[in-house]
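Let me begin by presenting the structure, written as structure tokens, before commenting on it.
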Amino acid sequence: MLTHHKKYNGWPLTLCSALLCSSLAQADDKGAVESLTGFNINETAPMKNLGINVGGWVSAGIAGNPDDPESRTNGPVTFNNRANEFNAHQLYGFIERAVDAEGSQWDVGFRADIAYGIDAFYTTQANFDDNLITDGSSRLYKLAFPQVYATVFAPVGNGITTKIGHFYTPHGFEVVTAPDNFFFSHAYTMQYGEPFTHTGILSSYPVNENISISAGVVSGWDSFFQEPANFLGGATYTTDDEKTSLTFTLITGDVNKNDEHNRTLYTILLSHDITDKLHYKLQHDMGIEEKSQSADPAKWYGINQYLTYDVSDKVGVGARFEWFRDEDGIRVNGNKGHYLAATVGMNYKPMSWLTLRPEVRYDHSNGNAAYNDGLSYNQVLISADAIVRF
């Protein structure tokens, strides 16, 4: 289902090394450009008057695999799927104008994102940016536009905020954007069980201080009007003390215009702050797809758990335990079975604009020898990446 190739030439390592050597003092919210030059384009008069913000980051890292597979791949582990190679994962930029969702006036905003690197492969949409230029002889490095949408705020009731265009899915805790994830690697559920992006309309409405709902119509999964209309929506409940939240998200609809059959996925997310520093998250997904002309009915489901602890403002430690079952082999490269993984990692922020994410991950597949080029049921990855925020 997902295959990629090519070793990177190393310019992000040079950049990161140069930035790491900087001895400039950090500020809590400064990006690298502001820290190094004292200039912040978002604080200039034209940008503030227009309400526009720009930003971005570069992330690069390596996934060390002691098995050293000949294919240079880490089996079904994607994103950081290249074994023992340093790669640029994301050269990412965005421009946005956020709407005032608490105001009493109509407001219009927008957001546009651009991504280049090996992670961009996972955000392309059929019939949209899937055929954009790649890195020469390889399909590994791609250019993608993962988000391009307008936002409209309507002062109706408590206020309706609507996205219109191409945007990331609301399913799951883990996201494509590197700075918004604790771990460098990703859970199987995020990689195989959920969509990455949608194109369509999605509205959200705060019923009260505790409950918010969303609903919209999108063109299936990762498709630019090549799949029939699907319903996308959900609800979130947050406690008064904001320490606990529960979210339910659902997408359902037909898959293919030429071979229409239903596919439904729900996601349940529980987030709880055990203490001010200790945080727990639980995620459960289940997907069902009806019989099509080319495949029998299929189910996939899993449970992910996350536990993180803020040691200090600069250091956090965490663990992730996951189980994903591709019951009928429709999601994970045609290989049915159970996939289990345990990951422990750290976030270290020596400067406000730099995050280092070392981790150790153990994978096990029950049902097929998914690792080391089909020779092993187990795999250990020792990985790390660096994120430099502009």
Side-chain angles (χ1 to χ4, degrees), residues 2 53 55-61 77-81 89-94 96 98 111-125 129 142 144-149 151 163 165-200 202 204 212 214 216 218 221-222 232-234 236 245 247-251 265-271 279 281-285 287 302 304-306 308 316 318 320 322 324 341 343 345 347 355 357 359 361 383 385-390:
L2 302 171
N53 283 284
W57 57 85
V58 59
S59 66
V77 175
T78 59
F79 285 83
N80 59 333
N81 72 309
H89 286 262
Q90 297 180 10
L91 176 57
Y92 201 103
F94 67 86
E96 69 175 344
R111 171 141 178 163
D113 297 29
I114 185 171
Y116 179 78
I118 66 173
D119 289 2
F121 180 91
Y122 305 99
T123 68
T124 58
Q125 283 208 123
D129 53 7
K142 289 189 71 70
F145 296 92
Q147 297 199 115
V148 182
Y149 64 83
T151 308
K163 291 181 180 179
H166 175 42
F167 43 84
Y168 284 126
T169 185
H171 283 272
F173 284 122
E174 297 188 21
V175 293
V176 172
T177 47
D180 300 314
N181 297 301
F182 186 91
F183 295 101
F184 175 30
S185 66
H186 284 288
Y188 285 106
T189 302
M190 187 265 195
Q191 299 172 67
Y192 294 104
E194 301 168 349
F196 293 109
T197 60
H198 305 287
T199 298
L202 183 64
S204 59
S212 64
S214 64
V218 296
W221 297 27
D222 307 308
L232 175 65
T236 297
S245 66
T247 299
F248 175 82
T249 308
L250 173 75
I251 183 170
L265 169 73
Y266 73 75
T267 302
I268 298 173
L269 306 174
L270 171 67
S271 180
H279 316 285
K281 296 180 185 295
L282 172 68
Q283 174 175 339
H284 164 57
D285 283 42
N304 304 337
Q305 297 186 81
Y306 307 78
T308 59
R320 176 181 61 201
E322 55 175 305
F324 181 74
T343 308
N347 280 196
T355 303
R357 299 188 297 177
E359 68 173 49
R361 170 175 176 150
S383 309
D385 78 332
I387 304 170
V388 175
R389 185 172 58 86
F390 299 148

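Quick caveat, the model's predicted, so the values are computed rather than measured.
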Would F121 and T78 count as a side chain to side chain contact (heavy atoms under 4.5 Å, CB included) if you check the C-alpha gap in whole Å, the side-chain angles of each, and the deciding distance to 0.1 Å?
CA-CA 10 Å; F121 180 91; T78 59; over 6 Å; no
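- In terms of the salt bridge (Lys or Arg N to Asp or Glu O under 4.0 Å) criterion, residue partners of D385 (sequence neighbours excluded) are, by chain and number, R357.
- F390 contributes atom CZ, which lies 5.5 Å from atom CG of L91 (distance to the nearest 0.5 angstrom).
- For the residue pair H89 / S59, no side-chain donor-acceptor distance below 3.5 Å is found, with atom types taken as modelled.
- The side-chain heavy atoms of Q283 and Y306, taken from C-beta on, include a pair separated by under 4.5 Å.
- Residues T249 and P170 approach most closely at CG2-CG, 4.0 Å, considering heavy atoms.
- Between A144 and T123, the shortest heavy-atom contact is CB-OG1, 3.4 Å.
- Panel note: side chain E174, backbone N181; no donor-acceptor pair is recorded below 3.5 Å.
- For D222, the salt bridge (Lys or Arg N to Asp or Glu O under 4.0 Å) criterion is met by no residue, not counting sequence neighbours.
- Applying the salt bridge (charged side-chain N to carboxylate O under 4.0 Å, His left out) test to residues at least two apart or on different chains, none of the pairs has a partner in residues 179-200.
- Every side chain to side chain contact (heavy atoms under 4.5 Å, CB included) that T199 has, sequence neighbours left out, goes to Q125, H166, F224, F225.
- In terms of the salt bridge (Lys or Arg N to Asp or Glu O under 4.0 Å) criterion, E359 has no residue partners (sequence neighbours excluded).
- For the residue pair W57 and P179, the shortest heavy atom distance occurs at CE2-CD, 3.4 Å.
- Contact annotation: the side chain of L265 approaches that of P195 to within less than 4.5 Å [non-hydrogen atoms, C-beta and beyond].
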Intermediate values then yes/no, side chain to side chain contact (heavy atoms under 4.5 Å, CB included), W221 and I251
CA-CA 9 Å; W221 297 27; I251 183 170; 3.7 Å; yes
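- Cation-pi geometry between R111 and F94 is satisfied (NZ or CZ under 6.0 Å from the ring centre, within 45° of the ring normal).
- Rounding to the nearest 0.5 Å gives a distance of 9.0 Å between CD1 of I268 and CG of L282.
- Between V176 and Q90 there is a side-chain heavy-atom pair separated by less than 4.5 Å.
- Between H198 and T169, the side chains place a donor N or O and an acceptor N or O closer than 3.5 Å (distance only, hydrogens not considered).
- Y188 pairs by the ring pair (Phe, Tyr, Trp, His ring centres under 6.0 Å) definition with Y339, not counting sequence neighbours.
- In this structure, R320 satisfies the cation-pi test against F183, with its NZ or CZ atom closer than 6.0 Å to the six-membered ring centre and inside 45 degrees of the ring normal.
- Of all heavy-atom pairs spanning N304 and E322, the tightest one is OD1-CB, 3.3 Å.
- Looking only at distances, a side-chain donor or acceptor of Q191 sits under 3.5 Å from a matching main-chain atom of H186.
- Judged by the 6.0 Å and 45° rule, K163 forms a cation-pi pair with Y149.
- Remark: the backbone N or O of G234 is paired with a side-chain donor or acceptor of S214 at under 3.5 angstrom.
- Scanning all heavy atoms of the two residues, the minimum distance from T343 to R361 falls at OG1-CG, 3.6 Å.
- Taking the side chain as every heavy atom from C-beta outward, L270 and H284 never approach each other to under 4.5 Å.
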Mind running side chain to side chain contact (heavy atoms under 4.5 Å, CB included) on H171 and L232 for me, showing each step along the way?
CA-CA 10 Å; H171 283 272; L232 175 65; 3.9 Å; yes
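- Note on ring orientation: taking the six-membered ring where Trp is involved, the planes of F196 and Y122 are tilted (angle from 30° to 60°).
- In plain terms, the two heavy atoms of Y92 and P146 that are nearest each other are OH-CG, 3.6 Å.
- In this structure, N347 contributes its side chain and F182 its backbone to a donor-acceptor pair below 3.5 Å.
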